[in-house]
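Throughout, numbering of the chain's residues begins at 1 and tracks the sequence.
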Amino acid sequence: MITPLGRKIRDLRKGKGLTLEELANLADSSKSYIWELENKDPPRPSAEKVAKIAKVLGVTADYLMNKSQKAPDDDVLDAAFFREFKNLKDEDKDRLRDLVKAWGK
């Protein structure tokens with residue numbers, strides 16, 4: 001029986017055009033683990049693995065684990081964006097800030 005977690009992972013993965021194997025590679029996981037998350041009801045998926053999968057899919061782990069939230073809202077997308085922003089090099093952050101300032105004018 002597919003769970004809300006499994007449905008979200010599958011829908012987001014397919015929406016990004018990723019195969020099970022591609023998602024597994026990008027998330028430092030195995031194809032079989034991703035398949036199990038998508039298709040079975042694992043008792044407790046690894047928080048570390050879910051966080052890596054969420055990062056690859058451009059959402060938060062909280063969103064993936066939230067049973068009632070059907071689609072990522074602006075807060076989820078913003079949190080994922082800022083997570084990526086924090087990992088940028090300082091010069092890339094500066095360029096992005098400059099772009100946002102120019103865009104706002």
Notebook entry, point to check: In Å and rounded to the nearest 0.5 Å, what is the CG to CD distance from Asp75 to Gln69?
Noted result: 8.5 Å
Next item on the list: Taking Asn39 for its side chain and Trp35 for its backbone only, find out whether a donor-acceptor pair lies under 3.5 Å.
Entry: yes
Check: Hey, are the side chains of Lys67 and Thr3 touching, using non-hydrogen atoms and a 4.5 Å cut-off?
Finding: no
Notebook entry, point to check: CG of Asn25 to OG1 of Thr19: how many Å apart, nearest 0.5 Å?
Noted result: 7.5 Å
Check: Can you find a pair of side-chain heavy atoms, one from Arg7 and one from Glu38, that are under 4.5 Å apart?
Finding: no
Notebook entry, point to check: How long is the span from the CD atom in Glu48 to the OG atom in Ser29, to the nearest 0.5 Å?
Noted result: 10.0 Å
Item checked: Close side-chain approach of Leu57 to Leu23, heavy-atom, < 4.5 Å -> yes
Margin query: If you define the side chain from C-beta out and look only at heavy atoms, does anything of Leu12 sit under 4.5 Å from Ile53?
Written below: no
Notebook entry, point to check: Does a side-chain heavy-atom distance below 4.5 Å link Arg10 with Ile2?
Noted result: yes
Check: Can you tell me how far CG of Leu96 sits from CH2 of Trp103, rounded to the nearest 0.5 angstrom?
Finding: 10.0 Å
Margin query: Using modelled atom types and a 3.5 Å cut-off, is there a donor and acceptor pairing between side-chain atoms of Asp28 and backbone atoms of Ala24?
Written below: no
Next item on the list: Would you name the heavy atoms of Lys55 and Glu84 that are closest together and state the gap between them?
Entry: CE-OE2, 3.3 Å
Notebook entry, point to check: Is it true that Glu91 and Arg95 have a side-chain N and a carboxylate O under 4.0 angstrom from each other?
Noted result: no
Next item on the list: Answer yes if Val76 and Phe82 sit in the same cluster of Ile, Leu, Val, Met, Phe, Trp and Tyr residues linked by side chain heavy atoms under 4.5 Å apart, and no otherwise.
Entry: no
Checklist line | Sidechain N-carboxylate O distance under 4.0 Å for Asp94, Arg97 | finding: yes
Check: Is it true that the side chains of Thr60 and Asp62 contain a donor and an acceptor less than 3.5 Å apart?
Finding: no
Note to self: Counting only heavy atoms not in Lys31 (residues, nucleotides, ligands), do more than 12 fall under 6.0 Å from its NZ?
What the structure shows: no
Next item on the list: Please examine the side chains of Ile34 and Glu21, heavy atoms only from C-beta on, and report whether any two atoms are closer than 4.5 Å.
Entry: no
Note to self: Would you compute the distance between atom NZ of Lys40 and atom CG of Leu5 and round it to the nearest 0.5 angstrom?
What the structure shows: 14.5 Å
Margin query: Please check: side-chain N/O of Tyr63 versus main-chain N/O of Ala54, any donor-acceptor pairing under 3.5 Å?
Written below: no
Check: Taking Lys16 for the side chain and Asp11 for the main chain, is one N or O donor matched with an acceptor at less than 3.5 Å?
Finding: no
Next item on the list: State whether Arg13 and Glu22 are salt-bridged, where the test is any N-O pair (Lys NZ or Arg NE/NH1/NH2 against Asp/Glu carboxylate O) under 4.0 Å.
Entry: no
Check: Is there side-chain contact between Pro45 and Tyr33, with heavy atoms separated by less than 4.5 Å?
Finding: yes
